[in-house]
Protein chains: 2
Amino acid sequence: MAAPAAAGPTLTYVAEPDLTPRAEQTRTAITEAALRLFRENGYEATTMRAIAQQAGVSTGNAYYYFGSKEELVQQFYEHSHADHVAACRAILETETEFAPRLRGTLRAMIDVSGPYHGFAARFFKHAAEPSSPLSPFSKESSPAREAAIALFREVVDGSSTRIDRELRGQLPELLWLYSLGVILFWVHDTSPGCAKTYQLIDRTVPLADRLVALSRVRILRSTIREIISIVADMRS
Amino acid sequence: MAAPAAAGPTLTYVAEPDLTPRAEQTRTAITEAALRLFRENGYEATTMRAIAQQAGVSTGNAYYYFGSKEELVQQFYEHSHADHVAACRAILETETEFAPRLRGTLRAMIDVSGPYHGFAARFFKHAAEPSSPLSPFSKESSPAREAAIALFREVVDGSSTRIDRELRGQLPELLWLYSLGVILFWVHDTSPGCAKTYQLIDRTVPLADRLVALSRVRILRSTIREIISIVADMRS
DNA sequence: TAGCACAGTTGAACGTGTTCAACGTCACAT
DNA sequence: ATGTGACGTTGAACACGTTCAACTGTGCTA
């Protein structure tokens with residue numbers, strides 16, 4: 001499962017441990033067996049015994065490479081971000097206005113995750129557990145989080161739309177929180193093709209855009225400042 | 001304008017099935033054993049065997065009353081909500097302004113959940129899983145959800161603050177979503193006494209209050225209407 | 001070549017949530 | 001008193017995720 005060619009350091013935040021060719025081969029076999037069985041039979045119906053059998057190894061051997069069945073699902077997560085960045089590239093290189101840049105980035109996020117909607121829904125619970133290293137707020141997820149925020153910083157920095165100076169600094173993080181909300185909706189979305197999630201994006205992006213524009217209006221300045229202050233205080 | 005809190009049917013949303021005294025006693029014993037063990041040891045560390053043993057029944061007997069371990073957590077939801085309603089009573093009966101009513105209700109929610117903070121953090125991941133009956137959006141949680149929204153409807157209806165007519169109808173559900181956000185923060189909150197969560201409430205309630213007040217401003221009317229429309233469309 | 005250290009591998013075993021066929025209990029009609 | 005049938009209860013059994021002491025292969029050094 002070769003990682004897509006990284007166009008920059010922001011993409012390669014996953015430090016794969018060095019493995020001998022033998023180990024690499026086994027690990028890959030387990031991964032591929034797991035992903036295939038997950039696809040074919042779903043998460044619960046796929047047993048660790050079946051994964052090991054399909055990979056041609058013993059049951060316990062899978063646990064030498066992956067600490068748990070859940071960790072196997074994590075592979076989707078790691079590959080997804082790289083795919084997301086790649087899928088955003090076209091939009092981020094051509095579009096200069098804030099709203100379409102944000103819209104394209106969010107839609108790309110759902111695009112690349114689409115085929116794995118069922119798995120992501122399963123995986124989501126690990127991201128939601130506060131004590132889990134897989135939580136987006138955890139210390140262990142810091143590189144992944146920074147990478148995601150960096151992507152939104154690119155959305156902001158590359159846009160010609162005028163944005164309040166103070167807001168501009170915090171906006172990437174706010175957009176990341178916003179994207180988490182979209183994902184939260186998405187994992188619960190059972191509409192065909194997750195059409196409702198795309199609707200949600202298409203209809204809330206203009207709101208976000210308007211909010212950003214309003215940040216330059218004098219009367220709302222203090223409110224915006226308060227929001228930024230709250231986020232900053234709560235983060236620590 | 002402030003309607004006295006009704007001790008009526010909105011509080012007793014739990015339709016307990018008719019049981020013989022014998023069954024009632026067993027069911028109660030299982031529930032109490034489960035809640036106590038959950039609180040003391042957390043969700044995962046509490047086994048069905050331990051619950052059954054503490055309740056003085058066989059393991060399989062617990063499954064006569066509850067289809068699964070998760071179903072026992074529903075009991076926690078229901079008990080917790082009853083406590084929440086009780087803790088809100090004082091505020092909702094005396095206070096007439098929107099902001100303090102909302103603030104009091106949210107703070108009461110954290111107050112009564114306090115003892116279960118550790119437990120909540122542990123089992124939160126099960127609630128975050130979309131397909132889980134423990135999800136606040138699930139069909140199984142519907143009664144709990146409706147009851148919670150009803151409580152926020154009481155917050156809105158009993159407040160003398162002038163609120164846009166259209167917003168007023170959707171506001172309870174919006175406030176419920178807001179409260180879920182607070183809970184999401186709360187389970188991640190490791191500050192002593194969850195002080196940060198109380199801070200979050202104290203600082204975001206004025207924002208919500210301001211937003212509600214702004215709903216009557218002409219220029220923002222269309223935006224408010226759009227937000228309401230989005231929530232309505234996404235819910236279905 | 002022999003020995004060594006360690007990465008890689010094994011499958012039985014453990015504890016878990018859950019199921020199920022069998023059994024007990026009790027009100028009630030006969 | 002004696003079936004009767006629904007309700008309530010049991011504990012062994014099942015499949016699962018996970019662990020672990022023991023084993024095997026591999027590359028290295030002497």
Side-chain angles (χ1 to χ4, degrees), chain A residues 16-35 37-38 40-76 119 122-123 125-126 129 131-134, chain B residues 16-35 37-38 40-76 119 122-123 125-127 129 131-134 140:
Chain A
E16 295 282 347
D18 276 345
L19 293 175
T20 68
R22 176 194 176 190
E24 182 71 42
Q25 197 174 343
T26 305
R27 188 191 157 97
T28 300
I30 294 169
T31 300
E32 286 177 353
L35 300 195
L37 287 174
F38 284 158
E40 290 169 2
N41 308 331
Y43 178 78
E44 265 123 17
T46 301
T47 69
M48 288 301 282
R49 286 166 178 83
I51 292 171
Q53 191 182 340
Q54 284 284 309
V57 299
S58 71
T59 310
N61 193 207
Y63 284 88
Y64 181 79
Y65 294 96
F66 302 94
S68 66
K69 185 182 179 184
E70 301 161 355
E71 213 165 279
L72 276 165
V73 185
Q74 182 186 4
Q75 299 247 316
F76 279 112
F119 305 127
R122 301 284 174 196
F123 176 75
K125 69 184 212 179
H126 305 293
E129 189 181 17
S131 62
S132 168
L134 302 180
Chain B
E16 296 284 346
D18 275 346
L19 292 175
T20 67
R22 175 193 176 191
E24 182 72 41
Q25 196 173 345
T26 305
R27 189 190 156 97
T28 301
I30 294 170
T31 300
E32 286 177 355
L35 293 189
L37 288 173
F38 280 158
E40 289 171 2
N41 309 330
Y43 178 77
E44 262 119 22
T46 300
T47 68
M48 290 300 283
R49 286 166 179 82
I51 292 171
Q53 189 182 340
Q54 283 285 308
V57 300
S58 71
T59 309
N61 193 206
Y63 284 90
Y64 182 78
Y65 294 97
F66 302 94
S68 67
K69 187 182 177 184
E70 294 191 338
E71 213 164 278
L72 277 165
V73 180
Q74 285 288 341
Q75 296 297 115
F76 165 73
F119 161 62
R122 276 181 196 273
F123 104 95
K125 64 183 229 180
H126 298 277
E129 190 178 11
S131 62
S132 167
L134 298 182
E140 288 84 350

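Note on naming: letters A, B, ... go to the chains in the order of the sequence lines (proteins, then strands), and numbering restarts at 1 for each one. Side-chain atoms are counted along with the backbone in the values below, which use heavy atoms only and exclude waters and symmetry mates. Here the structure is a predicted model, which means the values were calculated and not measured.
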Worksheet item: OP1, OP2 of D/dA15 versus side-chain N and O of A/Thr47: anything below 4.0 Å?
Response: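 False: A/Thr47 side-chain N/O out of range (4.0 Å or more) of D/dA15 OP1/OP2.
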Worksheet item: Does the side chain of B/Tyr63 get closer than 4.0 angstrom to OP1 or OP2 of C/dT19 through an N or O atom?
Response: no
Worksheet entry | Distance under 6.0 Å and angle within 45° of ring axis: A/Lys69 vs A/Tyr43 |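 Verdict for A/Tyr43: a cation-pi partner in A/Lys69.
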Practice prompt. Side-chain contact test, heavy atoms from C-beta onward, threshold under 4.5 Å: evaluate it for B/Tyr65 versus B/Thr31 and give yes or no.
Written response: no
Discussion item. Would you say that B/Tyr64 contacts B/Arg27 through its side chain, given a criterion of any heavy-atom pair below 4.5 Å between the two side chains?
Written reply: no
Discussion item. Go through it in stages, so that I can follow the logic: the residues are B/Leu72 and B/Phe38, the test is side-chain contact (heavy atoms from CB on, under 4.5 Å), and I'd like the CA-CA distance, side-chain angles, deciding distance and then a yes or no.
Written reply: CA-CA 10 Å; B/Leu72 277 165; B/Phe38 280 158; 4.2 Å; yes
In whole angstrom, what separates [X]'s [atom1] from [N]'s [atom2]?
{"X": "A/Leu72", "N": "D/dT18", "atom1": "CG", "atom2": "C1'", "result": "13 Å"}
{"X": "B/Lys69", "N": "D/dC16", "atom1": "NZ", "atom2": "C1'", "result": "14 Å"}
{"X": "B/Tyr65", "N": "C/dT18", "atom1": "OH", "atom2": "P", "result": "18 Å"}
{"X": "B/Ile51", "N": "C/dT18", "atom1": "CD1", "atom2": "P", "result": "10 Å"}
{"X": "B/Arg27", "N": "D/dT9", "atom1": "CZ", "atom2": "C1'", "result": "16 Å"}
{"X": "A/Met48", "N": "C/dC14", "atom1": "CE", "atom2": "P", "result": "20 Å"}
{"X": "A/Tyr64", "N": "D/dT24", "atom1": "OH", "atom2": "C1'", "result": "13 Å"}
{"X": "A/Glu24", "N": "C/dG8", "atom1": "CD", "atom2": "C1'", "result": "14 Å"}

Out of [options], which nucleotide sits closest to the side chain of [X]?
{"X": "B/Arg49", "options": "D/dT9, C/dT9, C/dT16", "answer": "C/dT16"}
{"X": "A/Ser58", "options": "C/dT16, C/dT10, D/dT9", "answer": "C/dT10"}
{"X": "A/Asn61", "options": "D/dG8, C/dT10, D/dG17", "answer": "C/dT10"}

Discussion item. Need one value for B/Thr59: base, sugar-phosphate or nothing, where a base atom within 4.0 Å counts as base even if backbone is also close, heavy atoms only.
Written reply: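 Base contact - B/Thr59 has a heavy atom under 4.0 Å of at least one base atom.
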Practice prompt. Give one of base, sugar-phosphate or nothing for B/Phe66, where a contact means two heavy atoms less than 4.0 Å apart.
Written response: nothing
Worksheet entry | Given DNA chain D, 5'-ward residue of the pair B/Gly56 and A/Gly67, judged by closest heavy atom |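 Comparing both residues, the 5'-ward one is B/Gly56.
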Worksheet item: Just wondering, more than 12 heavy atoms not from B/Glu40 lying within 6.0 Å of its CD?
Response: yes
